[in-house]
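In what follows, a structure is listed as structure tokens, so that the remarks can point back to it.
This chain uses plain numbering: 1 for the first residue, then up along the sequence. Atoms within a ligand are numbered from 1 in the order they appear, just like the ligands themselves.
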Amino acid sequence: MSKSLQAIRGMNDILPEQTPLWRYFEGTVAGLLDNYGYRQIRMPIVEFTELFKRSIGEVTDIVEKEMYTFADRNGDSLTLRPEGTAACVRAVLEHGITGGGQVQKLWYIGPMFRHERPQKGRYRQFHQIGVEVFNLDGPDIDAELIVLTWRLWGQLGIRDAVKLELNSLGSSEARGRYRDALVEFLSARLDLLDEDSQRRLKTNPLRILDSKSPDTQALLADAPKMADYLDEESRVHFEGLKARLDAAGIPYVINPKLVRGLDYYSKTVFEWITDKLGAQGTVCAGGRYDGLVEQMGGKPTTGVGFAMGIERLILLLETLEQIPESIARQIDVYLCAFGEQAELAGLALTERLRDQLPGLRLQVNAGAGSFKSQFKKADKSGALYALILGDDELAQQVVGFKPLRGQGEQQNIAFDALAEHLAACVVQG
Ligand code: ATP
Ligand code: MG
């Protein structure tokens, strides 16, 4: 196929074989967030480029090299959203729904776009579910975000495969003092730093902490530690968070080098990491961003949130074979009808069944066909039972009820008794 008729590299179709697992995952998360009192918000996929520069930070990987930015027909610079927080903050400000200290507990789902090198677990269009909370500044809400993700891992059966890393970045003043100390330490050892880190020393020195270079990492062993620079308020906040995680029985490790890729974090940062997916191990990441709303032109408004990568979590479910059996089968019953009269009666019958059994997954054969071909399609559909309707059955006002997966013999069921019979066989759930 010519290149222009293929999907863009790193942007994937999610095929019908895969969508049941996606819908199961998304439904599970949505249900959980409903239960905790979070409300969904939907933002556009495209925003003014300036929004991302202002919020994510000019000297971040995302803004420097990963954004899909283009000129609109009227010359505005637009960008496909690389993440959700910026647009969410813009939306709450634009609609004034965080004014006067109003608490908002929000979530969103959708595609994000980053021009990265595509590989397993890393794509150019990928999907996130994100959660953002505004106007709650205590560690209790940081803890709730972590507790609810922990519950989610439990529901999905992947708890044993993920671990929680935590750090506190302190207030922006504390981070500034720490940044100065780090820069002083590293400047004295400039020639030992990798090239990227040398550049970052001037632009975004904290990012050096998560440098991939072993030499730089060795050097950092003796560098000043963020924990020694934390302001009192952030220290107390962090202790409060840890106490709550202990109380909830959630294991964690403190990772003093966890800084996150975006500029806007303060105090709590965290990541859920798995070792089951190779290099792309972070399945969920977030933190507190108390200064962001103000930085974007709003009144001081605290914020905290996280985003999980759906592709990585789907990969994890597949890797751990945590795929519920119930999502594999999509059809309960398949109607085979032979001849025009039977087809017409079959349509009336199946529509009545759908009224009576709203949960029934019933596929009606389309395109007619011989006995053999219709049975083949019934079998291939994965249905548990075939319903058979021909002239003989029609004359007796019955359908043939044929188990397709070896659950007993074929029998005739009267039209009037069919709903009850099906309810007992297939729609218990
Ligand atoms: P990474 O370090 O893996 O690049 P990140 O710090 O850039 O992640 P965030 O911006 O915090 O990621 O996004 C939250 C989550 O979204 C990540 O933990 C990951 O699960 C997912 N994610 C981020 N980028 C991608 C991508 N290009 N493809 C698939 N999932 C992604
Ligand atoms: Mg990244």
Given that the side chain starts at C-beta and the backbone is N, CA, C, O, which of these parts of [X] lies under 4.0 Å from ligand 1, counting heavy atoms, or is it both or neither?
X    : value
R122 : both
R124 : neither
I62  : neither

- Task: Take atom NZ of K120 as the centre, draw a 6.0 Å sphere, and report whether it contains more than 12 heavy atoms from other residues, nucleotides or ligands.
- Result: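 Atom NZ in K120 is packed in, count exceeds 12.
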- Task: Please indicate whether any nitrogen or oxygen in E311 is less than 3.5 Å from any nitrogen or oxygen in ligand 1.
- Result: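 E311 vs ligand 1: no N/O contact under 3.5 Å.
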- Between E271 and ligand 1, does any nitrogen or oxygen pair lie at a separation below 3.5 Å?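 N/O-N/O distance below 3.5 Å does not exist for this pair.
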- R122 bridged to E311 by N-O distance under 4.0 Å: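 Salt bridge absent between R122 and E311.
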- D61 bridged to R200 by N-O distance under 4.0 Å: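 Salt bridge present between D61 and R200.
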- Message: Tell me whether the rings of W22 and H127 are parallel (<30°), tilted (30 to 60°) or perpendicular (>60°).
- Response: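 Rings of W22 and H127: perpendicular, over 60°.
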- Task: Would you confirm whether T79, through its side chain, and M67, through its main-chain N or O, come within 3.5 Å as a donor-acceptor pair?
- Result: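 Checked: no pair found.
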- Among R114, E83, R312, M308, closest by any non-hydrogen atom to atom 5 (P) of ligand 1: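 Closest candidate by heavy-atom distance is R114.
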- Message: Looking at non-hydrogen atoms alone, which of V269, L277, T282 comes nearest to atom 18 (O) of ligand 1?
- Response: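 Minimum heavy-atom distance to atom 18 (O) of ligand 1 goes to T282.
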